[in-house]
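Step one of this worksheet: look at the structure below.
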Amino acid sequence: ASITAGQGTTQITVDWGTAGSGDVTVNAQSSCGTGMDQTKSVTVNPSVPDAPSATAGTDVSTTGFTANWAVLVGAEGYRLDISTTLDFSGGFLVNNLDKGAATSHTLSGLSPGLTYYYRVRAYNTCGSSANSITIGVQTPGVFAGWDMHELTVAGEGGFGPSPLDPTTRDSRLTVGGLTRGPGLQATGLEASDRVWGATHWSASANASVAISDGDYATFSFQAEAGKQMSFYQISVFDNFYDTTVRGSGLLQYKIDGGAFNDITTVSYASAISNRLGPINLYGIAGLQNVPDGATVTFRLVNYGADVVSKPWFILDYANSTENDFELRGTFCTTPAIYNVTGGGTACSDGVGASVGISGSQSGVRYQLYRDGNPVGLPVAGTGGAISLGSQGVAGTYTVIATRVAGECTASMSGSATVTLLTAPTAPTGLSATPSSSQVVLNWTAPGGTVTGYRVKRVRSGGGACYERLAAGTDVADTC
């Protein structure tokens, strides 16, 4: 501990340091010696903890997820809220739940296709902290599903039409139906209704040959304007392969006109009706928060068939109205674009220059960046213009907005530049040249930014004269 105020008086302030207990001893001193000690036991309690840091939800499924937060020094425990409303005005699943020292909480039994929000507070013997930032988690809903039970009219050799539109589709999506590649055939060979597929899948052991020959199926997704889509999984994949087909299926995707990227390879190991999946897609960065307006095309390349004339198809696996081929995912509303405001010139020893944005949205966090690096904590949108604080470091400031529900982002328009001025040092080389009734003064400009000079002349008889100069290093004393 150290004395911070009151030195030499009968009342002082001591910096105790970290919370805890100890003894304080006081004695008086003079030139004749030191008096007896007066001792007092003191206990300093910790202060109310800062707001903890809530982190992204994990183990997300169609019916549950795990809420997470970081350990906070000085906290004895945490209290958790989980709600279906962004402002926690209702819809509580968990309200002020005391989690003790735990830093996670798992929920189950939730509904697919909904958004859940959570926040956490830290507490100790001095009280509770403010709320953490709010984290949003979406349980994946059905993007599109194909129920072959509905395909009761065989057509096209019994293999179904191409393209085949989905039976169910989220209204926020445009879906390109199941489409046969140009190398496949739909000639009636052992096919019946309630299936979709083809014959003449490639016998090559190399998927690239099958692609070159057009032996594949495709389907596509595009979200409506203002929505970003994230793919969670192919949740249902019911298929049939003939005893002499076997082989493998390479699943790929591409964004717009880009190149196809491999997702995984499935194996058709035996001649049975089979339910594959789920095939997880949430770990593929390119399939998360796909920008609105972009089209994602999937391609299934079946290859390695022993007999190309034999069929492969998606079928009504359980003779039911459940989907036989289904994809799930989530949507995120792209944050609106506002202008970065502020910046300018400020003194290096001052408060800096203010930076903000011209507008904001509730449910969106705004992170300030300086020269590409984050500065401070994100600021929650209010529905109006917001300040991101005064910035006392020179640089170019930008802002990225992140939607709480879905974590999709958007860069705000423009940037703000902060330039710092330092107080100038003293001029050097001052000289004075008398001339008639005037004196010409000359000096060398000092370091730092100079916007003007102040000259003072002291008269021998007393009094003074001041003159401010806008620029330059020469001045005639005309006072």
Side-chain angles (χ1 to χ4, degrees), residues 47-72 74-124 126-141 226-228 230 289 330-336 338 357 359-367 376-388 400-410:
S47 60
V48 173
D50 296 330
S53 177
T55 56
T58 54
D59 302 323
V60 179
S61 70
T62 57
T63 58
F65 67 91
T66 297
N68 303 289
W69 54 95
V71 172
L72 179 67
E76 296 176 2
Y78 306 92
R79 293 187 174 95
L80 176 68
D81 299 330
I82 303 177
S83 173
T84 55
T85 58
L86 174 63
D87 62 357
F88 294 87
S89 59
F92 282 100
L93 284 77
V94 167
N95 187 9
N96 206 36
L97 176 65
D98 191 339
K99 290 297 296 179
T103 56
S104 66
H105 179 78
T106 299
L107 290 94
S108 60
L110 305 181
S111 299
L114 294 182
T115 301
Y116 299 87
Y117 303 93
Y118 66 87
R119 65 188 182 187
V120 64
R121 292 172 298 283
Y123 67 84
N124 58 22
C126 290
S128 293
S129 73
N131 291 316
S132 69
I133 63 171
T134 297
I135 300 293
V137 177
Q138 295 175 298
T139 50
K227 301 292 184 184
Q228 298 182 27
S230 295
N289 288 327
T330 58
F331 293 96
C332 183
T333 302
T334 305
Y338 299 100
I357 49 177
S360 66
Q361 293 176 295
S362 298
V364 176
R365 299 189 298 267
Y366 297 87
Q367 177 66 58
L377 297 174
V379 176
T382 62
I386 58 174
S387 172
L388 298 174
I400 294 179
T402 302
R403 177 76 59 183
V404 171
E407 296 293 316
C408 57
T409 62

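Start at 1 with the first residue, then count along the sequence.
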- Ser230: what forms a side-chain hydrogen bond (donor to acceptor under 3.5 Å, both in side chains) with it, not counting sequence neighbours? Asn289
- Message: For a quick test of reading the model, state the closest non-hydrogen atom pair linking Tyr117 to Gly136 and the distance between them.
- Response: CD2-CA, 3.9 Å
- Message: One pair to check against side-chain hydrogen bond (donor to acceptor under 3.5 Å, both in side chains): Thr106 and Thr66. What are the steps and the verdict?
- Response: CA-CA 4 Å; Thr106 299; Thr66 297; 2.9 Å; yes
- Query: Which residues satisfy the side chain to side chain contact (heavy atoms under 4.5 Å, CB included) test with Ala410, sequence neighbours excluded?
  - Reply: Thr334, Pro335, Ile337, Met412
- Item | Atom of Leu86, atom of Gly363 and distance for their closest heavy-atom approach | CD2-CA, 3.3 Å
- Partners meeting side chain to side chain contact (heavy atoms under 4.5 Å, CB included) with Ser83 (sequence neighbours left out): Thr85, Phe88, Phe92
- Query: What pair of heavy atoms forms the shortest contact from Ala405 to Cys332, and how long is it?
  - Reply: O-SG, 3.4 Å
- Query: Checking Ser360 side chain against Gly383 main chain: does a donor-acceptor pair fall under 3.5 Å?
  - Reply: yes
- Of Asp59, Leu93, Thr63, Val137, the one forming a side chain to side chain contact (heavy atoms under 4.5 Å, CB included) with Leu107 is Leu93
- N/O donor-acceptor pair under 3.5 Å between Tyr118 side chain and His105 backbone: no
- Task: Check salt bridge (Lys or Arg N to Asp or Glu O under 4.0 Å) between Arg403 and all other residues, then give those that pass, not counting sequence neighbours.
- Result: none
- Query: Can you name the side chain to side chain contact (heavy atoms under 4.5 Å, CB included) partners of Ser111, sequence neighbours left out?
  - Reply: Leu114, Tyr116
- Query: How close do Thr55 and Trp69 get, heavy atom to heavy atom, and via which atoms?
  - Reply: OG1-N, 3.7 Å
- Message: So which atom in Ala56 and which in Asn68 form the shortest heavy-atom distance, rounded to 0.1 Å?
- Response: O-ND2, 3.0 Å
- Where Ala401 and Tyr366 come nearest, the two heavy atoms and their spacing: CB-CE2, 3.5 Å
- Message: Once side chain to side chain contact (heavy atoms under 4.5 Å, CB included) is applied, do any residues pair with Pro378, and if so which ones, sequence neighbours excluded?
- Response: Arg365, Gln367
- Under 3.5 Å, is there a donor-acceptor pair between the side chain of Asp81 and the main chain of Asn96? yes
